[in-house]
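Heads up, the thing below is written out as structure tokens.
Letters go in sequence order (proteins before strands), and every chain restarts at 1. Note that these values count all heavy atoms, side chains included, but never hydrogens, waters or copies made by symmetry.
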Protein chains: 2
Amino acid sequence: MERQRRIPEATVARLPVYLRTLLEVQTDGVTTISSERLAELAGVNAAKVRKDLSYLGSFGTRGVGYDVDHLLVQMSRELGLTRDWPVAIVGVGNLGAALANYGGFGDRGFPVAALIDADPTKVGTTFGGHTIRHLDDLPALVDELGIAIGIIATPAAGAQEVADRLVAAGVTSILNFAPAVVTVPAQATLRKVDLALELQVLSFYGQRDSIGSSLREELGVTAEAKNSAV
Amino acid sequence: MERQRRIPEATVARLPVYLRTLLEVQTDGVTTISSERLAELAGVNAAKVRKDLSYLGSFGTRGVGYDVDHLLVQMSRELGLTRDWPVAIVGVGNLGAALANYGGFGDRGFPVAALIDADPTKVGTTFGGHTIRHLDDLPALVDELGIAIGIIATPAAGAQEVADRLVAAGVTSILNFAPAVVTVPAQATLRKVDLALELQVLSFYGQRDSIGSSLREELGVTAEAKNSAV
DNA sequence: CCGACCTTGTTCTCTTGTTCACAAAGTGCC
DNA sequence: GGCACTTTGTGAACAAGAGAACAAGGTCGG
Ligand SMILES: NC(=O)c1ccc[n+]([C@@H]2O[C@H](COP(=O)([O-])OP(=O)(O)OC[C@H]3O[C@@H](n4cnc5c(N)ncnc54)[C@H](O)[C@@H]3O)[C@@H](O)[C@H]2O)c1
Ligand SMILES: NC(=O)c1ccc[n+]([C@@H]2O[C@H](COP(=O)([O-])OP(=O)(O)OC[C@H]3O[C@@H](n4cnc5c(N)ncnc54)[C@H](O)[C@@H]3O)[C@@H](O)[C@H]2O)c1
């Protein structure tokens, strides 16, 4: 039985949800879980769960379900979570500072390894246990600390330049919070988090509702978020 | 010529990007734009732009392009941006505080109208010009201030309860930052922003790359983010 | 007024993703 | 050991979305 490669993008985006769900049931002492139950907890369709998991290999036992521990190991391996991915936060302002303070990333294998800013009055100061470094130090920091992921938390105007510099320094995974279209070469991966966009999408559907349209209800639009990748 | 209803979800998620792009070129004095140019600036395919815009109606002029001002008006109307959408932030911690401090929302028609927390030591204190209110006050706040959107910035454990309370109080648009699966009834809309998920997806693709696989290059995976709706 | 040129709007095809439905495979009772 | 029951893994049908291609419609120079 040949291992199936090329995991669909939609599946990749759901694996973290399954992972989190499995970690939760694991702490409850659950050792085996059916696709039905996992689907319920993860807010998706059971057939989808089975198909998604089948991309990892055939780990289930028919008539029984999936072994939680085993699934967690396979899933972590597939997602690349068997190693740490040091993160650099670029732009230590309002948002960057909040992210730097947040402990939830290091726990999960994404330690904040560097804080970077372009403002000379911020560079050199210490924040949350890190000395803020200048953007020019980026290549050195990548070498020293093995930065694998860059988070852009600068104003929109600077986002593309920061992305270019990150890629030039060898950081090929980028998460962009700035409300700007940023492009990177094909060998890099860029994902974005755009709050204004989210609010505007909510506004769109909210307006539909308040107009009294029952369109979406008729369609049975589902309860769980439908974000594409978020 | 019948107006085409039922705008695809994928299109709805791109309209805010076009909107932002159009606002930018508008300030540069541009009055007309072709689908080709808009596509380039928005980081998408030109055919997609034309198809997306055609859902709003036929506003372009063949041989010329689209009138920027007109397009902005139509798009704003469609997205429901002709009115304000007061936002309540639930959970004024690390993240909630950063969001509350951020001025970028009010500018765009999403004023932060209320800050809500469950912690008795925080309730009653003032933050960023708002007195923090208790979760129990939610129904009253919705009545008084016309809260239209709720942002969940509490720990994961409280997220579902907060969502339930928001819906019960009449808030049908919710943006969830907590790493938890939250479900809402069909008449409500929920979107999520999940940073851990984003990082794990980056880790997946980062691992693929560092293994030396040229899979994605061969596939010509594109430069712009592929987030589904974000 | 006409013809060369440009850009939209839309149709068609291809790809990706979702869901159903069911045979295959395993468990555990009797 | 056999049989009833459960749950997986996947084939096939269906739905949504992306992109190429092109006819229709409009501009503008002459
Ligand atoms: N704060 C929020 O809650 C929030 C919410 C949504 C989106 N955003 C977006 O996140 C980004 C950051 O927001 P913020 O509120 O933290 O802004 P901010 O102004 O508080 O901080 C920006 C920081 O980036 C630094 N910076 C500017 N240009 C830089 C460059 N080229 N290289 C390195 N550093 C640079 C600045 O010195 C500053 O420290 C913005 O694009 C904003 O639109 C923020
Ligand atoms: N801080 C970040 O940068 C960051 C990044 C990604 C995700 N998140 C997520 O965002 C959420 C908030 O993170 P944080 O760092 O601000 O946490 P935090 O602990 O700093 O703040 C949480 C706040 O929510 C309040 N709260 C708790 N339960 C509540 C309830 N039932 N109703 C109302 N308020 C309640 C608490 O009193 C506290 O003020 C978490 O789920 C976290 O995982 C945070």
Nearest atoms (heavy-atom pairs only) where [X] meets [Y]:
X: B/A156; Y: B/P179; answer: CB-O, 3.6 Å
X: A/T183; Y: A/D164; answer: O-OD1, 4.4 Å
X: A/A169; Y: A/V142; answer: O-CG1, 3.4 Å
X: B/V182; Y: B/Q160; answer: CA-OE1, 3.3 Å

Mapping A/G60 and A/G63 onto DNA chain D by nearest heavy atom, which one lands closer to the 5' end?
A/G63
Of B/T61 and A/G65, the one whose nearest nucleotide on DNA chain D sits closer to the 5' end is A/G65
Rounding to an integer number of Å, can you tell me how far [X] [atom1] sits from [N] [atom2]?
X: A/I7; N: C/dT16; atom1: CD1; atom2: P; value: 15 Å
X: B/F59; N: D/dG25; atom1: CZ; atom2: C1'; value: 17 Å
X: A/L71; N: D/dT7; atom1: CG; atom2: P; value: 16 Å
X: A/R14; N: C/dT16; atom1: CZ; atom2: P; value: 15 Å
X: A/D52; N: C/dT19; atom1: CG; atom2: P; value: 11 Å
X: A/K48; N: D/dG9; atom1: NZ; atom2: P; value: 18 Å
X: B/Y66; N: D/dG26; atom1: OH; atom2: C1'; value: 13 Å
X: B/L53; N: D/dG19; atom1: CG; atom2: P; value: 15 Å

Nearest 0.5 Å please: distance from the CG atom of B/L79 over to the CD1 atom of B/I7.
8.0 Å
Quick one, B/I174 and B/I149 - any side-chain contact, counting heavy atoms below 4.5 Å?
no
May I ask you to test the A/L195-B/F105 pair for a side-chain heavy-atom distance under 4.5 Å?
yes
Going by the side-chain contact (heavy atoms from CB on, under 4.5 Å) test, name the single residue among A/I152, A/T154, A/V193 that passes it with A/F177.
A/V193
With a cut-off of less than 4.0 Å, is there a side-chain N or O of [X] near OP1 or OP2 of [N]?
X: B/R37; N: C/dT8; answer: no
X: A/Y55; N: C/dG17; answer: no
X: A/R62; N: C/dG28; answer: no
X: A/N45; N: C/dC20; answer: yes

Which nucleotide, C/dC22, D/dA18, C/dG9, lies nearest any side-chain atom of A/R50?
C/dC22
Which nucleotide in the list D/dG9, D/dA18, C/dG17 gets nearest to the side chain of B/A10?
D/dA18
Using the rule given for side chain to side chain donor-acceptor pair (under 3.5 Å), can you reason through B/T11 versus B/D52, listing the C-alpha separation, both sets of side-chain angles and the distance that settles it, and then say yes or no?
CA-CA 6 Å; B/T11 295; B/D52 286 344; 2.7 Å; yes
Should the side chain of B/K51 and the base of C/dT10 be counted as holding a donor-acceptor pair, with the cut-off at 3.5 Å?
no
In short, the helix from C/dC1-D/dG30 to C/dC30-D/dG1 is bent end to end, axes from five pairs each side, to 10°, by 10°
Using a heavy-atom cut-off of under 4.0 Å over every strand shown, decide if A/A47 touches base, sugar-phosphate, or nothing.
base
Under a 4.0 Å heavy-atom cutoff, the residues of residues 29-36 of chain A touching DNA chain C are none
Would B/R50 and B/S35 count as a side chain to side chain donor-acceptor pair (under 3.5 Å) here? Give the steps.
CA-CA 6 Å; B/R50 288 199 293 276; B/S35 61; 2.9 Å; yes
